[in-house]
Amino acid sequence: MKVALGADHGGYELKEAIRKHLQAQEIEVIDFGTHSNDSVDYPKYGFAVGSAIIKGEADLGIVVCGTGLGISMAANKIPGIRAALCSETFSARMAREHNNANVLALGARVIGGGLALDIVDIFLKTEFSGGRHALRVDLISNIERGEMI
Ligand code: RB5
């Protein structure tokens with residue numbers, strides 16, 4: 001599995017912790033930055049991670065900003081990206097099982113580092129259930145294409 005990572009300055013330190021956590025498990029990581037605490041614009045990093053998934057360069061993505069809000073909004077503007085902002089583990093599991101989320105968004109100023117890593121682990125190990133959920137996810141794509149449901 002290949003995981004794309006991206007964060008603004010608000011998420012930089014948590015993104016670094018996630019990168020080390022994944023690399024310690026020998027999970028391949030593509031790190032789109034940012035690479036310091038200097039102020040940057042979160043949409044660029046949400047776009048970089050989302051694009052990598054759409055291009056097939058990564059299987060799943062993780063984006064982090066202060067709240068997880070702005071960077072998930074940016075990623076979700078890319079057709080085919082389903083970014084889920086999670087602050088607890090149940091939503092992380094459901095985001096994969098039911099919604100086939102391909103990007104996890106985290107708010108570094110919202111949750112602690114230990115919980116964030118648990119959320120990451122659950123998100124990455126949970127498979128999409130398919131079945132009736134696949135039909136619903138297809139309906140999301142219909143909306144994206146401007147088709148009436
Ligand atoms: C940056 O200060 C902050 O606005 C950003 O990290 C994020 O929380 C935006 O949604």
Side-chain angles (χ1 to χ4, degrees), residues 1-25 27-128 133 136-146 149:
M1 177 190 296
K2 220 182 267 188
V3 178
L5 298 182
D8 74 352
H9 54 288
Y12 164 66
E13 283 173 16
L14 179 54
K15 187 263 293 172
E16 288 298 290
I18 293 168
R19 180 178 57 73
K20 288 173 192 157
H21 180 69
L22 297 183
Q23 288 172 336
Q25 298 173 64
I27 294 173
E28 200 175 336
V29 163
I30 309 174
D31 186 352
F32 287 97
T34 187
H35 300 291
S36 78
N37 286 307
D38 296 345
S39 183
V40 292
D41 300 319
Y42 59 79
K44 297 174 184 170
Y45 300 89
F47 179 75
V49 168
S51 300
I53 290 162
I54 296 305
K55 288 191 245 167
E57 294 168 4
D59 303 300
L60 292 171
I62 301 172
V63 293
V64 192
C65 67
T67 58
L69 291 167
I71 203 161
S72 60
M73 289 178 191
N76 273 323
K77 291 296 177 190
I78 301 175
I81 290 301
R82 292 175 300 280
L85 173 56
C86 298
S87 298
E88 30 70 35
T89 53
F90 179 75
S91 295
R93 182 176 297 111
M94 289 300 110
R96 291 287 305 129
E97 258 183 46
H98 287 193
N99 311 114
N100 200 14
N102 46 17
V103 174
L104 169 67
L106 297 168
R109 296 172 183 159
V110 179
I111 56 171
L115 175 57
L117 295 184
D118 276 356
I119 290 172
V120 164
D121 287 343
I122 285 171
F123 185 83
L124 295 185
K125 79 170 189 216
T126 305
E127 297 288 336
F128 180 43
H133 301 295
R136 292 166 184 163
V137 172
D138 285 347
L139 292 177
I140 297 176
S141 305
N142 289 355
I143 296 171
E144 226 162 38
R145 286 193 293 269
I149 296 173

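Whatever order the structure lists ligands and atoms in, that order sets their numbers, starting from 1.
Each of Lys20, Lys2, Lys15 was scored for a salt bridge (charged side-chain N to carboxylate O under 4.0 Å, His left out) with Asp31, with one residue passing: Lys15. The residue from Arg96, His98, Glu97 that alone fulfils the side chain to side chain donor-acceptor pair (under 3.5 Å) condition with Asn100 is Arg96.
Between the CG atom in Leu22 and the CD atom in Glu28 there is a gap of 11.5 Å [rounded to 0.5 Å].
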- Message: Between Ile71 and Val64, does the side-chain contact (heavy atoms from CB on, under 4.5 Å) criterion hold? Intermediate values first, please.
- Response: CA-CA 7 Å; Ile71 203 161; Val64 192; 5.9 Å; no
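Around the CZ atom of Phe47, the shell of radius 6.0 Å holds no more than 12 heavy atoms that belong to other residues, nucleotides or ligands. Heavy atoms from other residues, nucleotides or ligands lying under 6.0 Å from CD of Glu13 number 12 at most.
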With the criterion set at N/O pairs under 3.5 Å, what does the list of contacts between the protein and ligand 1 look like, atom names and distances included?
| unit_1 | atom_1 | unit_2 | atom_2 | d |
| --- | --- | --- | --- | --- |
| ligand 1 | 2 (O) | Arg109 | NH1 | 3.4 |
| ligand 1 | 6 (O) | Asp8 | OD1 | 3.4 |
| ligand 1 | 6 (O) | Asp8 | OD2 | 2.6 |
| ligand 1 | 6 (O) | Gly66 | N | 2.8 |
| ligand 1 | 8 (O) | Gly66 | N | 3.3 |
| ligand 1 | 8 (O) | Thr67 | N | 3.0 |
| ligand 1 | 8 (O) | Thr67 | OG1 | 3.1 |
| ligand 1 | 10 (O) | Thr67 | OG1 | 3.3 |
| ligand 1 | 10 (O) | Gly70 | N | 2.9 |

